[in-house]
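One structure is given below, encoded as structure tokens.
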There are 2 protein chains.
Amino acid sequence: MSRWEPGARERLGGAALDLYAAKGFEETTVAEIAQAVGLTERTFFRYFADKREVLFAGSELLEQQFVDGAAAAPNDADPIDVVKAAVAASAEYFPEERRAYATKRAVIIAANPPLMERELRKMSTLAEALVAALKNRGIHDPTATLAAQSGVTVFRVTFAQWIAAGNDRSFIDIEQDVFAELGTLTGPNR
Amino acid sequence: MSRWEPGARERLGGAALDLYAAKGFEETTVAEIAQAVGLTERTFFRYFADKREVLFAGSELLEQQFVDGAAAAPNDADPIDVVKAAVAASAEYFPEERRAYATKRAVIIAANPPLMERELRKMSTLAEALVAALKNRGIHDPTATLAAQSGVTVFRVTFAQWIAAGNDRSFIDIEQDVFAELGTLTGPNR
DNA sequence: GCGATCAATGTCAGTAACTGTCATCAGTCT
DNA sequence: AGACTGATGACAGTTACTGACATTGATCGC
């Protein structure tokens with residue numbers, strides 16, 4: 001038997017989510033989270049940079065999906081198609097099994113401005129990664145940023161619908177529609 | 001003569017900007033800002049909710065410009081045209097005289113993740129206001145959010161170019177181009 | 001099998017952001 | 001003159017976060 005219970009990081013993450021849900025983000029103290037899993041505040045901060053970050057572990061994986069998806073697009077793809085490929089690849093990150101967890105997490109974030117800020121920054125990081133991928137393909141800056149931001153917007157709208165009550169469509173299914181809607185929004189008129 | 005120097009809020013804002021620029025955001029203490037203008041830390045927090053917010057005073061005015069601009073669009077305008085009107089109206093908030101100040105502020109924000117988070121939230125609030133304006137016109141949700149977010153994206157890209165070195169075009173001028181670019185991005189291909 | 005080393009954690013002290021509460025006091029009102 | 005107000009100060013308290021050092025079961029080299 002090892003000296004400590006394994007999976008400290010995961011246990012801390014779970015306790016944080018539960019406590020934030022049960023008594024609110026601001027009302028929950030880092031010391032409480034740590035105590036709930038038999039650790040100390042100091043250890044929490046060894047695993048997570050701050051009290052918010054604990055809800056965003058794994059966001060690098062999502063970013064990786066985006067980047068890989070973009071890389072997989074054909075060499076001569078238009079900017080918007082590269083972005084579509086990236087966002088489509090992200091669907092892998094959201095299988096049905098994860099919907100309940102994702103919803104619980106999203107509710108907490110939406111209810112707390114500080115968490116919302118962190119979420120927005122993560123989305124911004126995602127967009128930056130996409131911009132870099134586009135620039136690697138020789139697409140320059142007004143276009144690259146516009147395309148990347150549009151992709152992230154589609155992603156966010158898709159996610160919101162995916163976790164919306166009374167919805168049972170798959171992530172990738174919704175995403176197709178949202179992209180189509182974006183096309184009709186800016187395209188056909190004049 | 002009154003008991004205190006007038007304009008406490010403005011003095012605090014000015015000192016904060018200068019200190020953040022001179023020695024960095026994290027390295028500047030709220031007590032320092034207050035001392036610099038002969039006040040106490042406590043008074044700072046009576047004017048600003050937190051250390052970041054001091055750089056975002058007046059953002060309600062920008063939001064008002066957006067909303068007013070949207071309201072001024074013709075009744076039968078397409079979603080994208082309502083958004084164009086809103087973003088166009090925002091140009092009023094950025095006359096040439098303000099470019100130097102806006103640049104200094106933007107540099108500080110870009111260099112500090114916590115400030116970037118706040119900036120992103122303000123942009124998100126802007127988008128929310130636009131969504132509300134669009135919904136008032138009977139435009140529903142996937143479309144409303146997509147349109148509003150696209151508008152804010154155009155706004156951000158425009159702003160970035162406006163303050164970019166070696167650029168002397170007006171805000172509204174750049175904005176036209178960026179909107180056009182967005183159109184060609186999603187429109188013509190297929 | 002034994003001492004050196006390691007890795008995950010604990011302990012403790014310190015800083016700074018933010019909050020609540022009450023005191024102060026120049027100017028204004030009646 | 002006395003009551004009142006509104007902007008500020010003084011002060012104590014909580015909590016997020018950091019740096020430095022101590023602890024100890026497990027492991028590795030020999």
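By convention in this document, chain letters (A, B, ...) are assigned in the order of the sequence lines, proteins followed by strands, and residues within each chain are numbered from 1.
With dA16(D), dT9(C), dA26(C) as the candidates, the nucleotide lying closest to the side chain of R3(B) is dA26(C). When distances are taken from the side chain of R42(A) to each of dT11(C), dA16(D), dG9(D), the shortest belongs to dT11(C). With distances taken from any side-chain atom of R46(B) to the nucleotides dA10(D), dG19(D), dT9(C), the minimum falls on dA10(D).
Whole-Å rounding puts the L115(A) CG to dA16(D) P distance at 13 Å. One atom, CD of Q35(B), and another, P of dT8(D), lie 16 Å apart when rounded to the nearest Å. Remark: P of dT18(D) and CZ of F44(A) are 11 Å apart, rounded to the nearest angstrom. In this structure, the CD atom of E53(A) is 15 Å from the C1' atom of dA16(D), given to the nearest Å. Taking atom CZ of R9(B) as the reference point, atom P of dT8(D) lies 11 Å away to the nearest angstrom. The nearest whole Å value for the distance from the CH2 atom in W4(A) to the P atom in dG10(C) is 8 Å. When the C1' atom of dT23(D) is taken as reference, atom CG of L39(A) falls 16 Å away, rounded to whole Å. Rounded to an integer number of Å, the gap from E117(A) CD to dA16(D) P is 17 Å.
Checked options E117(A), E60(A), E53(A); the residue passing with K122(A) is E53(A) (criterion: salt bridge (charged side-chain N to carboxylate O under 4.0 Å, His left out)).
Here T29(B) does not reach the OP1 or OP2 of dT15(C): none of its side-chain N or O atoms lies under 4.0 Å away. The phosphate of dA8(C) (OP1 or OP2) has no side-chain N or O of Y47(A) nearer than 4.0 angstrom. A close approach under 4.0 Å does occur between a side-chain nitrogen or oxygen of T43(B) and OP1 or OP2 of dG9(D). Put simply, T40(B) has no side-chain N or O that comes within less than 4.0 Å of OP1 or OP2 on dT8(D).
Counting any heavy atom pair closer than 4.0 Å across all strands shown, A8(B) reaches sugar-phosphate atoms only and no base atom.
Looking at T125(B) and E63(B), their side chains never bring a donor and an acceptor atom within 3.5 Å of each other. In the model, E96(B) has no side-chain atom that pairs as donor or acceptor with a side-chain atom of S170(B) under 3.5 Å.
Under the rule for a side-chain contact (heavy atoms from CB on, under 4.5 Å), A49(A) has no partner lying at least two apart in sequence or in another chain.
The aromatic rings of F171(B) and F155(B) sit tilted, their planes meeting at an angle between 30° and 60°.
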